[in-house]
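Down below is the structure, laid out as structure tokens.
Convention: sequence-line order gives letters A, B, ...; per-chain numbering from 1. This one's a predicted model, so the numbers in the text were calculated from it and none came from an experiment.
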Amino acid sequence: KQEVTQIPAALSVPEGENLVLNCSFTDSAIYNLQWFRQDPGKGLTSLLLIQSSQREQTSGRLNASLDKSSGRSTLYIAASQPGDSATYLCAVRISGTYKYIFGTGTRLKVLA
Amino acid sequence: EPEVTQTPSHQVTQMGQEVILRCVPISNHLYFYWYRQILGQKVEFLVSFYNNEISEKSEIFDDQFSVERPDGSNFTLKIRSTKLEDSAMYFCASNRDTPEQYFGPGTRLTVT
């Protein structure tokens, strides 16, 4: 059964820091991995999607990497800003299925 | 940019009542999904729907739940007899032939 774990559960950093959020999954037979942002009480905003054949994806200050064989993905946020404060969710889509399995998230707070 | 929309944003209902949550997926999308997130817990997959039938469902999606696409634009989730533990945020998502699923803002269901 696929399990998705995110470390750390919470993170508080001063503005301007570069930071790394970690996601690990137990079954490497994935179709893709998606990183989402969730603001309190709100929906899910897709940040980056990495296909199983890809190693990384970049969008602005965000870079996500995928190491399928070791069951790990990282989300790198450069030059963090207070507006980046949110919960970041990692989700994997298992090969041969439609569903995403989500991690519990990392709650990020960027202090001004 | 097209978005998935959901109504209502918040629904309060009494235990045992039927509730219908509504979603309008992005117009040319073909695959539709429901997920839920109990407060403080992971986002969980409920069901996927394609070509007017359920393509996959989780063990959570029991006989109390049903989905329907009553017309060309709406996608609904019905809970026949709500329980306290059905209180959660319910997210609708859709996609076409791309791997990325696009999520709506969610409906907060409170069962009293």
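Against chain B, the residues from residues 32-40 of chain A that qualify, each with a non-hydrogen atom under 4.5 angstrom away, are A:Asn32, A:Gln34, A:Phe36, A:Gln38 in number order. Identified by a heavy-atom distance below 4.5 Å to chain A, the contributing residues of residues 17-37 of chain B are B:Tyr31, B:Tyr33, B:Tyr35, B:Gln37, in residue-number order.
The structure places CZ of B:Phe103 at 8.5 Å from OG of A:Ser46, a figure rounded to the nearest 0.5 Å. Between B:Ser58 atom OG and A:Lys99 atom NZ the span is 7.0 Å, to the nearest 0.5 Å. Taken to the nearest 0.5 Å, the OG1 atom of A:Thr5 stands 6.0 Å off from the NZ atom of B:Lys42. Annotation: the span from A:Leu44 atom CG to B:Phe91 atom CZ amounts to 4.5 Å, rounded to 0.5 Å.
Proximity to chain B is absent for every atom of A:Ile101, based on heavy atoms less than 4.5 angstrom apart.
Taking 4.5 Å as the limit, some side-chain heavy atom of A:Tyr31 sits within range of a side-chain heavy atom of B:Pro99.
The salt bridge (charged side-chain N to carboxylate O under 4.0 Å, His left out) search around A:Arg61 returns A:Asp84, not counting sequence neighbours.
By the neighbour-count criterion of 12 heavy atoms within 6.0 Å, atom CD of B:Glu85 is densely surrounded, having more than that number from other residues, nucleotides or ligands. More than 12 heavy atoms of other residues, nucleotides or ligands sit less than 6.0 Å from atom NZ of A:Lys68.
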Residues B:Gln101, A:Tyr100; criterion side-chain contact (heavy atoms from CB on, under 4.5 Å); working and verdict: CA-CA 9 Å; B:Gln101 291 180 12; A:Tyr100 275 97; 3.4 Å; yes
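Residue A:Val20 belongs to a hydrophobic cluster whose other members are A:Tyr76, with links defined by side-chain heavy atoms closer than 4.5 Å.
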